[in-house]
Amino acid sequence: MMYKDTLSVVKTNPVIVALDVPSASQAIHLARSLAPFVGAVKIGKELFVSAGPAVVRDIQSDGIPIFLDLKFHDIPNTVAKAVAAATRLGVRMLTVHASGGSEMMRAAVRAARDTASELMAPVPRVLAVTVLTSMDSAALAELGGETDVASQVERLASLAVRAGITGLVCSPLELPRLRKLLPPTIELVTPGIRTGSEKVDDQKRTLTPREALEAGATWLVIGRPIYAAADPAAAARSIWNSLQSESPIS
Ligand code: C5P
């Protein structure tokens with residue numbers, strides 16, 4: 001299903017490059033070379049645990065927006081404190097697990113808003129992760145409760161939105177159903193993007209950048225097609241150029 005008929009000119013670069021590299025020096029080098037061609041960079045658990053908040057500050061000091069993907073899941077008070085700390089760090093997006101429950105998500109949203117307001121800084125987007133794409137119905141069955149992955153994704157997405165969350169991380173295949181289910185202002189952040197020119201890897205269900213935007217994605221998380229390319233800056237530039245074409249989507 002097509003969510004948008006035409007992708008006239010994309011003004012804001014929707015590409016978030018995943019800096020899935022182990023060291024600060026690699027991450028900083030990549031971020032600097034990619035900055036002109038991406039909208040933000042994503043720092044996940046490996047890089048954050050090995051390089052810490054310093055790598056966030058270093059990359060941000062070059063004016064590059066950071067998506068801190070640590071997928072918080074804990075009691076509401078602890079998550080609120082972690083979100084407040086991430087907001088003080090200056091990140092523009094962060095993630096929590098919707099399965100932490102509505103009270104936890106409300107606490108996260110409130111902490112982001114209150115901390116940003118104290119600092120007179122912009123409020124970071126608090127995004128919710130529904131069901132990890134590594135989970136199938138057998139894995140859900142082990143936990144008890146709902147065993148249909150799509151139903152559980154929809155249940156957690158609705159719960160997140162009711163708790164004040166304004167963005168969700170979802171797989172390309174979930175885009176059409178979530179776009180039907182959720183208010184249009186909800187941002188959908190989608191990994192599993194492949195251009196078609198890279199090696200096959202562990203992403204099984206993929207869309208191209210344009211297809212994902214057509215299907216309703218707001219932001220595209222792209223890792224290996226950019227950072228593992230022979231020339232990462234050229235790969236990012238080519239993706240950005242492909243999205244800026246004025247031609248209607250064919
Ligand atoms: O290299 P690749 O483009 O597959 O990287 C995708 C990024 O998005 C990685 O950082 C991965 O951890 C993350 N991600 C994902 N699938 C999800 C959630 C996050 O691939 N369902």
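Note that ligands are numbered from 1 as they come in the structure, with each ligand's atoms numbered from 1 the same way. No hydrogens, no waters, no symmetry mates; every other heavy atom, side chains included, goes into these values.
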Heavy atom of the protein closest to [atom] (residue, atom name, distance):
{"atom": "atom 21 (N) of ligand 1", "answer": "T133 OG1, 2.8 Å"}
{"atom": "atom 7 (C) of ligand 1", "answer": "V221 CG1, 3.8 Å"}
{"atom": "atom 16 (N) of ligand 1", "answer": "P191 CG, 3.6 Å"}
{"atom": "atom 2 (P) of ligand 1", "answer": "R194 NH2, 3.4 Å"}
{"atom": "atom 10 (O) of ligand 1", "answer": "D20 OD2, 2.7 Å"}
{"atom": "atom 20 (O) of ligand 1", "answer": "Q203 NE2, 2.7 Å"}
{"atom": "atom 12 (O) of ligand 1", "answer": "K42 NZ, 4.2 Å"}

Measuring only between side-chain heavy atoms, which start at C-beta, is [X] closer than 4.5 Å to [Y]?
{"X": "L156", "Y": "Q152", "value": "yes"}
{"X": "L132", "Y": "K71", "value": "yes"}
{"X": "V15", "Y": "F37", "value": "no"}

Salt bridge (charged side-chain N to carboxylate O under 4.0 Å, His left out) partner of D69, chosen from K42, R125, K45, R92: K42
Min N/O separation A18 to ligand 1 under 3.5 Å: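 Among all N and O atoms of A18, none is under 3.5 Å from an N or O of ligand 1.
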Under 3.5 Å: N/O of Y227 near N/O of ligand 1: no
R224 atom CZ: more than 12 heavy-atom contacts under 6.0 Å: yes
Side chain, backbone, both or neither: the part of A228 lying under 4.0 Å from ligand 1 by heavy atom: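 Under 4.0 Å from ligand 1, A228 contributes no heavy atoms.
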Number the atoms of ligand 1 from 1 as they appear, then name those within less than 4.0 Å of a heavy atom of [X], with their elements.
{"X": "R224", "result": "1 (O), 2 (P), 3 (O), 4 (O)"}
{"X": "G223", "result": "1 (O), 2 (P), 3 (O), 5 (O)"}
{"X": "P225", "result": "3 (O)"}

Residues L34, V41; criterion side-chain contact (heavy atoms from CB on, under 4.5 Å); working and verdict: CA-CA 9 Å; L34 297 175; V41 302; 5.8 Å; no
Atom of E187, atom of T218 and distance for their closest heavy-atom approach: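 Nearest heavy atoms, E187 then T218: CA-OG1, 3.3 Å.
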I59/I28 under side-chain contact (heavy atoms from CB on, under 4.5 Å): CA gap, chis, key distance, verdict: CA-CA 6 Å; I59 293 173; I28 292 166; 4.0 Å; yes
Donor-acceptor contact present, side-chain T95 to main-chain L127, <3.5 Å: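 Checked: no pair found.
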